[in-house]
Amino acid sequence: MFTKKIFQNVSLYFFASLIKAAISLAINPIIALNMSHYDYALTGFYTSFNSLFMPFLTFMFGQYYSRNYFRLKSSKDRDKLGGNLVSAQLVFGMVELVIVLIAFSLYSYSNDIKFPLLPYSVISFTTIVFNYVYTFFLLKLKLSRNAKSFFMYSLYHVIILVIMNIIFVVLLKTGGLGKLLAPFVTSLIFAVILFPKISKGINLEKKITIDALKFCWPLIIAGALSYFFSGFDRSLLAKLDNDYQLGLYNVAMTITGFLVIVQTSILSTFQPDIFKAVAENNKKKIILVLTGINLLNTVPILIFIILAPYLLDIFTGGKFTEAYRFARILALKNITAGMYYSISGLVIAYGFTKWTLVYKIIGSILSIFLFKYLVNSYAFYGAAWGQVFSYLSLAIIAASIMMFNKKNLHKKV
């Protein structure tokens, strides 16, 4: 039943993201005026690898925690699970970070990447490790339906991030370096503050860690394959040696990224409902939740597409208005990506993690060929449409797999 309390909680989750997007957009003109096309090209190139390295540095433990949260009746057991998972992520994540940096260095040199390697790669990828503490803490608040705390910590986070951006980009004039330093410092601050709230020291329990890795390893590989849907385009575009257009493309990615904040908020707000409905084997509620997620996601995107030229002019201080041509196309990607993520969440809730890997592999292969063809044929516009179609194909494949396993759904509950 949709009670008053549920409505209040949903409102707080949703408005937390709206406020985050609003504050970030409000300072974006100031940031844009202190950034060059090259700065956006450089930062966009490095952040594009987040989707590739994030699963390996975080181990996707949040998915394991979500799946088991409602199966554990004791708050003590839930806290123990959360503490162990975050501890394992930090310890193993730092080891993985060294491997990632070595691998990226080899990639950079072998492909003759013109963007400087240090200190940008270290700053960008280390941010992923520390930021997961904040991400996991918010997940814990959502699952426990602590909407007020979720709202306040989200607000604190965006305020600190804005302050760091103003200090490094506007006041210190460090351009692309400052744009990467701001989230790095913010993630470090919140990791120090929030880790003690999740775990009393580094707690590693072999059984929990091994069980989590057994559940998550297909998700880790599948998550890394997301790079070929949302980051591979930047690797291809960097080879075109056009910083001006790549800068505009990344500006468009940045602005449409604020739509992703709303999309993620909608999905994460109702994610506990998906897991709970699956646990209760309530198929009617599952359909209702998935439909609602995608409808709520589509409305702001359509509004953005109509107003794109005016919004890009306002939010970039008139400096990168041309980027609206890419932004309109990339906004459509958020619709197809929303379809995929909602279906993917259902697949994970049912425990079909290995199938997640299967459809990600198939989709990745299709995406590689799709992006190479579109970028070679239509350059930056081809890359933008590639993102739209790659997520659409992935959503279709994921939905087909769910239908294929329809008879086995009740066995996974």
Residues 381-390 vs side-chain hydrogen bond (donor to acceptor under 3.5 Å, both in side chains), sequence neighbours excluded, gives Asp233-Gln387, Lys333-Gln387

Here the gap from Phe320 atom CZ to Thr254 atom OG1, rounded to the nearest 0.5 Å, amounts to 10.0 Å

Is the Tyr65 to Phe215 ring centre distance short of 6.0 Å?
no

For Arg234, the side-chain hydrogen bond (donor to acceptor under 3.5 Å, both in side chains) test, sequence neighbours excluded, returns Asn250

Exactly one of Phe115, Tyr249, Tyr40, Tyr120 clears ring-ring contact (aromatic ring centres under 6.0 Å, His included) with Phe45, and that residue is Phe115

All N/O donor-acceptor pairs, side-chain side in residues 304-315, below 3.5 Å, sequence neighbours left out:
unit_1 : atom_1 : unit_2 : atom_2 : d
Asp313 : OD1    : Thr321 : OG1    : 3.1

Here the salt bridge (Lys or Arg N to Asp or Glu O under 4.0 Å) pairs for residues 107-129, sequence neighbours left out, are Lys114-Asp241, Lys114-Asp243

So the side-chain hydrogen bond (donor to acceptor under 3.5 Å, both in side chains) pairs with at least one residue in residues 49-62 (sequence neighbours excluded) are none

Residues at least two apart in sequence or cross-chain that pass side chain to side chain contact (heavy atoms under 4.5 Å, CB included) with Tyr244, listed by chain then number, are His37, Asn242, Leu248, Glu322

Residues pairing under salt bridge (Lys or Arg N to Asp or Glu O under 4.0 Å) where one sits in residues 25-49, two or more places apart or in two chains, turn out to be none

Residue set satisfying side-chain hydrogen bond (donor to acceptor under 3.5 Å, both in side chains) with Tyr391, at least two apart, ordered chain then number -> Tyr341

Sorted by chain and residue number, the side chain to side chain contact (heavy atoms under 4.5 Å, CB included) partners of Thr209 (sequence neighbours excluded) come out as Ala88, Phe92, Leu213

Residue set satisfying salt bridge (Lys or Arg N to Asp or Glu O under 4.0 Å) with Asp79, at least two apart, ordered chain then number -> Lys140

Taken to the nearest 0.5 Å, the spacing of Glu205 CD from Asp211 CG works out to 10.5 Å

Determine whether the side chains of Thr186 and Tyr134 contain a donor N or O and an acceptor N or O closer than 3.5 Å. no

So salt bridge (Lys or Arg N to Asp or Glu O under 4.0 Å) across residues 298-309, not counting sequence neighbours, yields none

For residues 161-181, the side-chain hydrogen bond (donor to acceptor under 3.5 Å, both in side chains) pairs (sequence neighbours left out) are Asn34-Lys173

